[in-house]
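Worksheet: one structure, shown below.
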Amino acid sequence: MTEVHLRTLSRWQADQQRDAVADLYAKTYRGAAGAEYHDRQAFLDRFEQDVQRPDFDMVVADAAGLVGCAYGFRIARTGAWWSGLRGELPEDIEELTASGRMFLLAELMVLPAHRRTGIATRLGERLLARLDADLIVAAVYRTGDETEDDAAADVLHSWGWSKLGALDPRAARDSSGPGPAARDVWIRRPLR
């Protein structure tokens, strides 16, 4: 397999690479359960807004073309991102949100042919190592395939994440939050 190199992109570079990243997104989720939520144009619309968010950061994996990508940004202090969380938001999470010290891992994607090679781990570690945040949050799609969902949960748990709860898929959200598919919310404190 071709050697994979990681690169950190500036906001401007990320915006310049938007079509390549959208192609990666479409190839990553093609044929997956819930594929209707992985539409290329919807991704481009969301990405265009995400790249403008505070503290946007992005890392790509390249092997003669993009094979993976991770990006995220700070969650707004308003707490709107949490609308739709089933159950009560823990007080410490509420306080961290209000402090502006929470980072959302918005996307972590790797082409199917390059999975199980450590690329996702490398992308996540590179992106999250650079953070000045007190809590990292990710909202992970539920595919409906119990084996696949359990495998994703096992990977997140092995990376030091813990499940906080689930988001109601009917809750209205801005583009920084989950869309209409069911998602589980995972959290992790940064390694210092």
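Position 1 is the first residue of the sequence; numbering continues from there.
Contact check for Ile93 versus Ile187: side-chain heavy atoms found under the 4.5 Å cut-off. Phe56 is not listed as a side-chain neighbour of Leu9, based on a closest heavy-atom distance of 4.5 Å or more. By the 4.5 Å heavy-atom criterion applied to side chains, Val67 and His114 are counted as neighbours. Counting heavy atoms from C-beta on, the side chains of Val4 and Asp62 never come closer than 4.5 Å. With contacts defined as side-chain heavy-atom distances shorter than 4.5 Å, the pair Ser99/Arg77 does not qualify. Taking the side chain as every heavy atom from C-beta outward, Val137 and Ile75 approach each other to under 4.5 Å. Side-chain atoms of Leu44 and Glu48, non-hydrogen and from C-beta on, never get closer than 4.5 Å to each other. Between Val60 and Leu6 the shortest side-chain heavy-atom distance does not fall below 4.5 Å.
For Lys163 against Trp186, the heavy-atom pair with the smallest separation is N-CE3, 3.4 Å. Residues Leu123 and Gly68 come closest through the heavy atom pair CD1-C, 3.7 Å. Nearest heavy-atom pair, Ile119 versus Ala61, reported as atom, atom and distance to 0.1 Å: CG2-CB, 3.7 Å. Pairing each heavy atom of Thr8 with each of Arg126, the nearest pair is OG1-NH1, 3.6 Å. What you find for Leu108 and Ala70 is that their closest heavy atoms are CD1-CB, 3.6 Å. The two residues Ala14 and Val51 come nearest to each other via the heavy atoms CB-CG2, 4.0 Å.
Counted by atom type alone, Tyr71 and Asp57 present zero donor-acceptor pairs between their side chains at under 3.5 Å. Side-chain polar atoms of Gln41 and Asp45 form a donor-acceptor pair below 3.5 angstrom. Side-chain N/O atoms of Thr97 and Trp82 include a donor and acceptor closer than 3.5 Å.
In terms of modelled atom types and a separation under 3.5 Å, the side chain of Arg11 and the main chain of Arg53 share a donor-acceptor contact. Side-chain atoms of Gln16 never come within 3.5 Å of backbone atoms of Gln13 as a donor-acceptor pair (strictly under, hydrogens ignored).
Atom-to-atom distance recorded for Arg130:CZ and Glu125:CD is 14.5 Å, nearest 0.5 angstrom. In this structure, CZ on Arg86 lies 13.0 Å from CG on Leu164, to the nearest 0.5 angstrom. Atom CG of Leu135 is separated from atom CZ of Phe103 by 12.0 Å, given to the nearest 0.5 angstrom. One finds the CG atom of Leu156 at 9.0 Å from the CG atom of Leu105 (value rounded to the nearest 0.5 Å). With rounding to the nearest 0.5 angstrom, the CG atom of Asp23 is 10.5 Å from the OG1 atom of Thr28. From Glu95, atom CD reaches atom CE of Met102 across 12.0 Å, with rounding to the nearest 0.5 Å.
A salt bridge links Glu107 to Arg46: at least one charged side-chain nitrogen sits closer than 4.0 Å to a carboxylate oxygen. Taking 4.0 Å as the cut-off between side-chain N and carboxylate O, Arg101 and Asp132 count as a salt-bridged pair. We find that Asp134 and Arg74 are not joined by a salt bridge, their nearest charged nitrogen and carboxylate oxygen being 4.0 Å or further apart.
Relative ring orientation between Tyr25 and Phe43 is described as parallel, the plane-to-plane angle staying below 30° on a 0-90° scale split at 30° and 60°.
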Go through Arg183 and Val140 one step at a time and tell me if the side-chain contact (heavy atoms from CB on, under 4.5 Å) criterion holds.
CA-CA 5 Å; Arg183 286 185 162 189; Val140 180; 5.9 Å; no

Would Val21 and Met58 count as a side-chain contact (heavy atoms from CB on, under 4.5 Å) here? Give the steps.
CA-CA 11 Å; Val21 174; Met58 182 174 185; 3.4 Å; yes

Step by step, work out the side-chain hydrogen bond (donor to acceptor under 3.5 Å, both in side chains) result for Tyr29 and Arg40.
CA-CA 10 Å; Tyr29 295 111; Arg40 186 180 190 281; over 6 Å; no

Apply side-chain contact (heavy atoms from CB on, under 4.5 Å) to Ile136 and Arg189, showing your working.
CA-CA 6 Å; Ile136 305 159; Arg189 307 244 178 225; over 6 Å; no

